[in-house]
Every structure is written in structure tokens, then in C-alpha cells.
Amino acid sequence: RITGKEAKALGYTNVYSPILDLARDPRWGRVVECYSEDPYLASELGKEMIFGIQSEGIASTAKHYAVYSVPKGGRDGEVRTDPHVTPHEVYEILLKPFKEAVTEAHILGLMSSYNDFDGIPITASHYFMTDLLRKQWGFKGYIVSDSGAVEFINAKHHIAADYKQSVYLAVMAGLNIRTNFTPPDNYVVPLRKLVAEGKIPMSVLDERVRDILRVKFKVGLFDSPYVKDPDAADTIISNPEYRKVSLQSSRESLVLLKNKDLLPLDASRIKSILVTGPNADATSPMISRYGPSEIDVITVLKGIKQLVGDRVDVRYSQGCDHYDSNWPENELYDKPIAKKQKSMISKAVEAAKDVDVIVVAVGDNEKTVGESKSRTSLNLPGNQEDLVEALYKTGKPIIVVLINGRPLTINYIQKYIPAIIEAWFPSEYAGQAIAETIFGLNNPSGKLPITFPKTVGQIPFNFPFKYGSQLPQAKKL
């Protein structure tokens with residue numbers, strides 16, 4: 001609802017949300033954008049997002065239809081993103097959120113993905129774009145291509161002789177709008193030629209345009225195309241009510257993964273605390289998103305200082321960077337710790353020697369997870385685990401706060417560290433919510449929406465799964 005109200009105030013008529021892809025392979029960089037690996041949870045959250053956005057007269061456009069989030073090897077970027085899944089898994093799991101978005105939430109827009117399924121690009125598939133979506137599910141909205149999806153029909157999938165034929169296949173399959181970071185003429189000119197040559201019937205073009213006009217009528221663009229009171233946006237965007245929702249969302253998203261008689265801390269019983277780690281005072285990981293943003297982020301360090309800084313000596317040492325010059329090469333084999341990182345770790349250890357407790361914030365930033373940022377490993381990037389191990393050797397009580405966009409393999413931390421909080425990318429009020437949780441003012445009631453494998457060798461390892469398929473393989477040696 002808030003997304004819809006803010007979009008309306010700013011003059012938007014369409015929002016590319018929700019993302020209904022399922023996070024089935026944590027190596028994939030766009031896991032950070034997904035609701036869950038579970039089709040039921042993603043469906044329910046997705047429908048509520050659609051209801052909220054469209055209740056404000058804004059078209060909701062879901063991404064990425066279809067079978068997009070399970071590329072071979074979890075790869076992304078310039079490589080082919082072909083899924084290797086069975087038809088049963090496609091229909092029972094991967095398509096469920098999209099089907100319910102259409103049949104129950106009556107979504108007005110869908111974005112077609114640039115991958116293929118069974119050798120046919122989705123954006124060129126009459127079955128996915130028309131037979132299934134419109135004829136079986138009853139979709140009445142428009143389909144917009146993901147950036148490059150039309151071009152990839154010939155350039156990446158090689159099922160068209162040239163770009164002109166790619167345009168033909170996409171339009172005949174059911175595409176209404178083409179998107180890319182190139183001039184519209186690149187698409188319009190070959191489309192005009194195809195119509196003039198009689199290859200694309202005028203009736204098909206009329207049908208594609210009709211879908212777009214129908215949505216424009218539904219959202220009122222022919223009645224009131226402009227924002228009536230542009231100045232009202234100043235009082236609507238990020239107003240106090242919406243900020244309260246943001247803070248509460250940060251609180252409720254936290255997951256207590258482990259607590260062995262350490263949390264909550266009693267500020268009256270500790271004199272000093274060290275806050276360390278690459279995410280201790282970092283702002284960018286808190287708001288993983290596209291585009292610029294004027295957000296005053298409360299970091300973990302700032303949140304703890306604001307909450308108990310008048311009673312507890314709060315100290316800071318960065319500890320290490322998110323990664324160093326050896327990364328991601330050191331995901332493949334061990335390399336000596338870079339001199340800079342070794343020095344930073346030593347400084348953190350020295351700072352930890354005379355404090356009562358340590359909070360170490362580790363995980364991802366915008367360079368280690370996101371679109372086109374797939375990984376070969378799920379370990380903490382760079383030398384972050386080296387930092388945790390060095391701090392553990394001081395004998396001080398440690399709380400690890402994970403600030404990350406994908407599941408991580410945290411076997412050492414799970415075994416030796418007494419308290420672990422999973423915070424994900426917890427938005428502008430991250431530090432406040434985390435500090436409140438550490439000191440007992442917030443009960444971390446969140447649950448994991450995705451499986452944490454112990455090693456990439458277990459992948460695929462997720463929910464739902466067939467009975468017995470994830471039982472222990474053998475007795476412990």
C-alpha cells in the first residue's frame with residue numbers, strides 16, 4: 001500500500017513489483033531480490049504486494065516470467081541462463097506464484113524473462129506468453145520484456161536468423177512492450193517493416209496494443225493522466241507513519257539463529273563493547289536496491305551508540321574489508337591473507353582484549369550479491385571468517401550479526417559463536433532494530449524463508465522437496 005501511495009504521489013503509473021522468482025539456488029546473485037524458496041510463501045507475499053500497489057491505481061508488474069531463477073550452476077550475467085528443471089517442478093513450484101498473481105490478484109503486468117525453457121526462449125514462446133498465460137490463466141494485462149530479452153532470441157539463443165526475426169517471434173508469441181537501454185526505433189522500425197510486409201497481421205498488432213490500452217483505462221490514465229497536486233509528495237514520501245512501518249519491518253525481519261545464554265545483553269552489567277566487522281558501520285549493505293536514494297541509514301555501530309552509548313563504552317574497529325584483492329580467487333583455493341587485511345584484523349583483536357563483549361557484523365555488500373553477482377562459494381567473502389576466528393581466540397563473548405543477501409555457509413560460526421542474528425539487508429533502521437534486539441527491547445521473531453546449506457556441494461537443497469530426498473545420506477563416521 002505504501003509503495004502504491006508513494007508511486008502515485010510521484011507520478012508513476014507502473015511499478016516493477018513484486019519479484020515472484022523463487023530462490024532455489026543460493027549461488028544465484030538475485031536471491032537477494034526474492035521472497036523465498038517456498039512457492040506458497042512467495043505467492044502469499046506477492047499477492048499482498050499486488051493488492052496494495054493496485055489499490056492505489058498503479059499497475060503492478062511482476063518479474064520474471066518464467067522459470068528464470070534456476071539457471072544452470074546458479075550463473076547470471078552474460079552467460080546463458082538456461083534452467084535445468086523438470087516440467088513437474090516448473091508447474092508445481094516455479095509457476096505457482098505467477099499463476100496466483102494472475103488468477104487471484106488479477107495483476108495488470110508481467111515481465112517476460114530472457115532465459116529459455118526446453119530450448120525455447122520464454123519471450124518467443126507462444127505457449128508461455130499466450131496459451132498458458134492468457135488462454136488458461138485468463139491474464140488480461142500486458143507483457144513487457146526484460147531488458148535484452150528480444151535481442152537475446154537471436155544473439156544468445158540463436159533460434160532467429162537476425163534481430164528482425166526476433167521481433168517477429170516475440171510479437172507473435174504475445175509480447176506487448178519491448179524494453180532495453182536502446183532507442184525505441186531499434187524495435188519500432190523492424191516492427192513496422194514486418195507489418196508492411198504482411199508477416200505480422202494488423203489484427204495481431206491491434207491485439208497487442210489493445211492489451212496496453214486496457215490497462216491504461218483501468219488505472220485511469222485517460223481520465224487523469226497527471227498528478228493533481230505534485231507538492232503533496234513532500235508530505236507523503238517517507239512520512240512519519242511510513243517510517244514507523246519501515247522500522248517495524250526491520251525488527252520483524254530479524255532471525256535469531258543461535259543464542260547460548262548470551263542474549264539479551266544487560267547494559268547495566270557491561271562496561272564496554274567492541275563493534276567490529278565490515279558491516280559494523282557500513283551503510284550501502286543496508287539498502288540493497290537500484291538507483292540513488294536519500295536515506296539516512298542507522299548502522300549497527302550508530303544504533304548501539306544511540307541506545308546504550310550513555311551507559312556503555314562503545315568502541316569500534318572495522319576488522320577487515322568485505323573482500324580484498326585476492327577475492328574471488330581465494331574462493332577457489334587458499335591464499336595468504338593480504339597485508340592490509342591482516343593489519344586490520346590485528347587491530348580489532350587488540351581492541352577486543354579489554355572489552356566485555358564483541359558484536360561483529362559480517363556478510364555481503366552490493367558488490368558481493370545482486371544481479372550478475374553469482375558465486376562459486378557461499379562462505380563469507382574475503383577474510384571475514386578469519387576475523388571471527390581471531391576474535392573468538394580472545395575468549396570474549398561474541399555476537400555475530402549477519403547482514404547478507406543470500407544464505408551463507410557459517411559452519412565455524414555456528415559451532416563456536418554463542419549468539420547469531422540474521423539481519424539480511426535490514427533497511428534504514430537496521431542499526432536501531434539490531435541494537436534493540438541485542439539489548440532485549442525487540443524479540444527477534446522472524447523465521448528463515450530460505451535454506452542455509454552447509455556447503456555448496458549440497459545444492460540443490462531447499463524446500464519443498466520430495467519425501468525422503470533430504471534425509472541423512474549415511475551414519476556419521
Side-chain angles (χ1 to χ4, degrees), residues 246-247 250-251 253-254 256-287 295-322 341 343-363 365 380 383-384 386-404 413 417-444:
S246 179
L247 172 57
S250 294
R251 289 168 174 157
S253 67
L254 300 181
L256 184 62
L257 296 182
K258 182 181 179 182
N259 184 27
K260 192 174 181 181
D261 303 322
L262 181 55
L263 295 177
L265 297 182
D266 184 347
S268 67
R269 301 182 65 179
I270 61 174
K271 295 180 180 180
S272 57
I273 182 171
L274 173 66
V275 184
T276 185
N279 278 333
D281 199 32
T283 58
S284 61
M286 308 302 178
I287 49 171
I295 294 178
D296 184 16
V297 173
I298 301 175
T299 65
V300 178
L301 175 63
K302 187 176 180 180
I304 291 175
K305 281 185 173 181
Q306 288 178 345
L307 187 62
V308 300
D310 60 335
R311 293 163 285 164
V312 178
D313 179 14
V314 181
R315 305 176 191 178
Y316 169 70
S317 179
Q318 183 176 330
C320 67
D321 292 317
H322 287 91
Q341 303 305 310
S343 174
M344 295 172 74
I345 292 173
S346 296
K347 289 178 181 178
V349 170
E350 187 64 28
K353 288 182 177 179
D354 61 346
V355 298
D356 296 317
V357 65
I358 303 168
V359 174
V360 53
V362 293
N365 68 3
L380 284 167
N383 302 114
Q384 296 183 63
D386 296 310
L387 170 65
V388 175
E389 291 182 16
L391 292 170
Y392 174 73
K393 292 176 182 177
T394 67
K396 302 291 183 176
I398 298 177
I399 302 157
V400 164
V401 179
L402 299 174
I403 297 174
N404 49 303
I413 292 173
I417 304 304
I420 310 170
I421 297 172
E422 173 58 80
W424 306 113
F425 286 162
S427 193
E428 58 187 312
Y429 292 104
Q432 180 176 340
I434 291 167
E436 290 175 350
T437 301
I438 289 173
F439 287 94
L441 302 180
N442 174 58
N443 182 21

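The analysis underlying the following values was restricted to heavy atoms, covering all of them including side chains, and did not include hydrogens, waters or symmetry mates.
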Lys305 side chain to Val314 backbone, donor-acceptor under 3.5 Å: no

Looking at every heavy atom in both Ala282 and Thr299, which two are closest together, and how far apart are they? O-CG2, 3.5 Å

Verify the neighbour count for atom CG of Asp261: are there more than 12 heavy atoms of other residues, nucleotides or ligands below 6.0 Å? no

Between atom OH of Tyr429 and atom CD1 of Ile298, what is the distance when rounded to the nearest 0.5 Å? 6.5 Å

Taking the side chain as every heavy atom from C-beta outward, state whether Val300 and Asn279 have any atom pair closer than 4.5 Å. no

With heavy-atom distances below 4.5 Å as the criterion, would you say the side chains of Leu257 and Leu402 are in contact? yes

Between Asn259 and Leu262 (side chain of the first, backbone of the second, donor and acceptor by atom type, cut-off under 3.5 Å), is there such a pair? yes

How long is the span from the CD atom in Glu350 to the OG1 atom in Thr394, to the nearest 0.5 Å? 11.0 Å

Between the main-chain N or O of Gly431 and the side-chain N or O of Lys302, is there a donor-acceptor pair closer than 3.5 Å? no

Return all side-chain donor-acceptor pairs below 3.5 angstrom for residues 271-278, not counting sequence neighbours, or 'none' if the list is empty.
unit_1, atom_1, unit_2, atom_2, d
Ser272, OG, Asp356, N, 3.3
Thr276, OG1, Ser317, O, 2.5

Quick one: CD on Gln341 to CD on Gln384, what's the gap to the nearest 0.5 Å? 9.5 Å

Is any side-chain heavy atom of Phe439 less than 4.5 Å from a side-chain heavy atom of Pro264? no

Pairing donors with acceptors under 3.5 angstrom, does anything connect the side chains of Asp281 and Gln318? no

Which heavy-atom pair separates Leu263 from Ile438 by the least distance, and what is that distance? CD2-O, 3.7 Å

Residues Ala348 and Leu387: closest non-hydrogen pair is CB-CD1, 3.9 Å

Student check: side-chain heavy atoms of Ile304 and Tyr316 closer than 4.5 Å: no

Please name the pair of heavy atoms, one in Ala351 and one in Asp354, separated by the smallest distance, quoted to 0.1 Å. O-OD1, 3.6 Å

Flag, side chain of Arg311 to backbone of Leu307, donor-acceptor distance under 3.5 Å: yes

Asp386 side, atom CG; Met344 side, atom CE - distance, nearest 0.5 Å: 13.0 Å

Set of residues satisfying side-chain contact (heavy atoms from CB on, under 4.5 Å) with respect to Ala433, sequence neighbours excluded: Ser250, Arg251, Leu254

Non-hydrogen side-chain atoms of Ile403 and Pro426 separated by less than 4.5 Å: yes

What's the separation between atom CG in Asn365 and atom OG1 in Thr283, rounded to the nearest 0.5 Å? 10.5 Å

Pairwise side-chain contact, Lys347 with Ser343, heavy-atom cut-off 4.5 Å (strictly under): yes

Any Val308 side-chain heavy atom under 4.5 Å of Ile270 side chain: no

Exercise: identify the closest heavy-atom pair between Ala352 and Leu391: CB-CD2, 4.0 Å

Judged by atom type as modelled, is there a donor-acceptor pair below 3.5 Å linking the side chain of Glu428 to the main-chain atoms of Ile287? no

Look up atom CD1 in Ile358 and atom NZ in Lys396, then write down how far apart they are to the nearest 0.5 Å. 7.5 Å

Going by heavy atoms in the side chains, are Leu265 and Ile399 under 4.5 Å from each other? yes

Can you name the closest pair of heavy atoms from Asn404 and Gly363 and give their distance? CB-CA, 4.4 Å

